[in-house]
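Worksheet: the structure to be examined is printed underneath.
Chain identifiers are assigned alphabetically (A, B, ...) following the order of the sequence lines, protein sequences preceding nucleic acid strands; residue numbering begins at 1 within each chain. These figures come from a predicted structure and were not determined experimentally.
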Amino acid sequence: MGGIASSTPTEAPRPPIADAFGMSPMRRKRRSWFGVPKPLGRRNALSLTILSFILPLLAWSAVSYVPFLWHPLIQVSDPGAVDYLQPGMRVDRETFATEVAAAKEAGTAPPQGIPSNPVYLPAPHEVAAAFWTAITTRPTFGDAIPLPQSLWHSIQIIFWGFTISSILGVPLGVFCGTSPVFARIVEPFIEFVRYMPAPAFGALMVAILGIYDGPKIAIIIIGTFFQQVLVIANTTRRVDGMLIEAALTLGARNLRLVRRVIVPAVLPQLYRDQRILLGWAWTYLIVAELIGTSSGITFFITQQARYQHFENVYAAILIIGIVGSATDIVLALIGRRLFPWAKEEA
Amino acid sequence: MTALPDTAYHHQSDAVQARFARIKARDVALRVQGLGKVFRTPKGGETIALRGIDIETHRREFLCVVGPSGCGKSTFVRILAGLETASSGTVFVDGQPVNGPGADRGMVFQGYTLFPWLSVLRNVMFGLEENGESRRTAAREAREWLSLVGLEFFADSYPHQLSGGMKQRVAIARALATRPRILLMDEPFSALDAQSRARMQAYLIEIWKKIDITIVFITHDLDEAVFLADRILVLSAHPGEIAELIEVPVSRPRSQGQMLEREFRATRARLDALIHPPDDEDDVKPAAIKPSIVTRLVAHGDEVE
Ligand SMILES: Nc1ncnc2c1ncn2[C@@H]1O[C@H](COP(=O)(O)OP(=O)(O)OP(=O)(O)O)[C@@H](O)[C@H]1O
Ligand SMILES: [Mg+2]
């Protein structure tokens, strides 16, 4: 193949053609930040994940520790001669300034204090300390229940609510997804009930199920079940029709078709739906636990808020977040094991 | 190459003639009578996908179906499979009218449609189990089918671990395992690269030689059709009707070398004439090029050809 080499030496070198016409190729290079998502490298993904937690933490720390950021109040350190001020009290800047001015005019000792945030925004280190105390020691006052015990009670409520909902909702959803007749009979009504807020059933549930865990579990079920049927039905409807057709030509029919083809085909996606629905169940927890006798983590939170221990409130909310994410991560890892053929889905 | 007369494909050697006589002496495996299919579009319009299709194939015949895109090939084979209902006409398999999908007709799709959650062996066992075989028997038979397609060592693999050609071989084994009378294949190799496709064609012929099966094979690759088929059913588009039923004069056993033979070229030429008529409207002649911003290279005397 010497064709190219042998023909070129005779030609005089030419300027690039595009330039000869006064037009250069478009060379503008621009990076696109959006597009078909490509997987990030492992390390990049990890550092971005850490960053996504660091950024809000930084913002929180800045507001807490930089005195000229926000800090609308003055925390009194020495009341001076002002009667109604006490050490540790927070008053707004204007009131404090008037008091200082008044004291100067009267020649009495002016009050002293430092800028501070409202009591409902504790600093990160306070929450961290509270977090540690809450999970390691018993609270000392009142009828308080230790945080781990409250949390365990809440987890049980979620577990039973979600399990009962799934036992009913998943099969119903699958049948709606596979049979249009079934779907027409079931779905419009469920769609209708879905818009009724679950907490609205609270009083009713207490009347029927008493004041202890029964109505709380019921609220979780009501909050989850109706969404669940519709979500699972939609997922099931998205099954690859070719697989069903292949199974039909191989002789699979009716329930065996559902059990041996449709369910396994959508199982990775169903599993993912269940993970998302479990997250929703957690969001109903707080309302559910306020019904009847308050209990679980909600009882802990409301009680701590009443005593103005807001760092404990934050600690409890944080723990809910941690338990929720941890469950989800564990479930995701299990999913990857269970459905190796659907790596990108699980 | 010498030009061939238009009717050269009619000429059959004695061996080929004798072979067709033998095929026609066999029982009719598949009979299609007056088959028509009309799709109703949601807006109330109608698409006539197929009209008045009559054809008979005999036991162990290899029938290819070709035609322009959208002429109803897939619809045809889906009706044979029972996945689609005919608007008119009837399909008989071994004299029995077809009513819905059944194990007497196996189907291989273009997408591999293997069940990803089942091992290769369990995929092949699927149809056997659905038709009432015990798990032990199904496993034993499935292994035999796998060795027929040369994949006995992949029994415990999963579909996502196989290449496209291997997947399609599993799909063939799975379709054959229920011992269908007819194997329906809708562009089974069109997703494969040229080399795997040639290998799969050879494989398919080997399998077909060994077992008692009638094959209906859809393709848009005309060489593939000539290479594989005893007869080629050519459909025309809008509506899908039979344009011609061609008896392929190429002798058997087939090999890739026959592509250059007179019979092969004649058949291929006939298919081309049927499917791409010379006065195709789509064929826009490149107009005389006026110099413009886009064609400036031509004006510069820097042609590539
Ligand atoms: N479900 C459907 N609803 C409405 N029209 C359809 C449907 N399926 C197919 N058609 C129409 O029927 C005609 C034949 O379709 P078909 O898929 O059988 O063609 P084909 O020969 O297999 O095409 P290709 O070569 O592209 O695979 C087309 O015009 C198509 O638009
Ligand atoms: Mg098609």
Side-chain angles (χ1 to χ4, degrees), chain A residues 3-4 7-8 10-26 235-236 238-272 335-346, chain B residues 74 77-78 80-84 100-119 122-133 157-162 171 174-180 182-184 186 291-302:
Chain A
I4 299 168
S7 68
T8 36
T10 54
E11 286 179 30
R14 293 184 187 208
I17 288 157
D19 291 352
F21 278 75
M23 294 181 54
S24 54
M26 299 185 193
T235 298
T236 310
R238 285 204 309 271
V239 62
D240 180 0
M242 301 296 282
L243 290 182
I244 298 184
E245 291 190 337
L248 283 171
T249 64
L250 292 166
R253 295 288 185 279
N254 300 324
L255 277 184
R256 278 185 73 88
L257 181 69
V258 174
R259 188 168 65 77
R260 293 204 62 199
V261 181
I262 298 177
V263 170
V266 297
L267 203 55
Q269 186 59 43
L270 283 194
Y271 186 82
R272 204 156 71 156
R336 227 176 281 171
R337 277 277 166 114
L338 287 177
F339 317 112
W341 69 89
K343 263 215 179 78
E344 70 285 3
E345 282 190 54
Chain B
S74 295
V77 80
R78 286 170 56 79
L80 299 191
L83 294 172
E84 201 91 68
D104 55 341
R105 282 147 293 136
M107 175 113 179
V108 176
F109 301 80
Q110 177 183 353
Y112 311 109
T113 68
L114 296 180
F115 305 125
W117 59 93
L118 294 180
S119 69
R122 298 297 308 274
N123 260 287
V124 180
M125 285 164 64
F126 185 92
L128 292 164
E129 287 176 295
E130 288 308 306
N131 287 285
E133 295 280 10
S157 305
Y158 280 79
H160 70 273
Q161 300 165 325
L162 305 183
R174 185 180 66 173
L176 290 174
T178 51
R179 299 165 199 276
I182 299 175
L183 182 64
L184 306 166
D186 189 355
S292 77
I293 205 168
V294 179
T295 56
R296 61 190 185 271
L297 296 184
V298 181
H300 201 69
D302 196 31

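For a residue to count as touching a neighbouring chain, one of its non-hydrogen atoms must lie under 4.5 Å from one of that chain's; by this rule L184(B) does not touch chain A. If you measure heavy-atom distances from E129(B) to chain A, the contacts under 4.5 Å come from both the backbone and the side chain. Using a 4.5 Å cut-off between heavy atoms, R78(B) touches chain A through its side chain atoms alone. Using a 4.5 Å cut-off between heavy atoms, F109(B) contacts chain A through its side chain alone, with no backbone atom that close.
What you find for F115(B) and L243(A) is that their closest heavy atoms are CE2-O, 3.7 Å. Of all non-hydrogen atoms in L248(A) and P101(B), the two that sit nearest each other are O-CB, 3.6 Å. Contact record, A246(A) with R174(B): CB-NH2, 3.6 Å, taken as the closest heavy-atom pair. In plain terms, the two heavy atoms of L250(A) and E130(B) that are nearest each other are O-CB, 3.9 Å.
Residue D104(B) holds its CG atom at 11.0 Å from OG1 of T249(A), rounded to the nearest 0.5 Å. Considering CG of L114(B) and CH2 of W341(A), their distance stands at 13.5 Å, rounded to 0.5 Å. Taken to the nearest 0.5 Å, the CD atom of Q110(B) stands 8.0 Å off from the CE atom of M242(A).
The most heavy-atom pairs under 4.5 Å with chain A, out of P116(B), A171(B), A103(B), come from P116(B).
Atom CZ of R179(B) has 12 or fewer neighbouring heavy atoms from other residues, nucleotides or ligands inside a 6.0 Å radius.
The side-chain heavy atoms of V261(A) and W117(B), taken from C-beta on, include a pair separated by under 4.5 Å.
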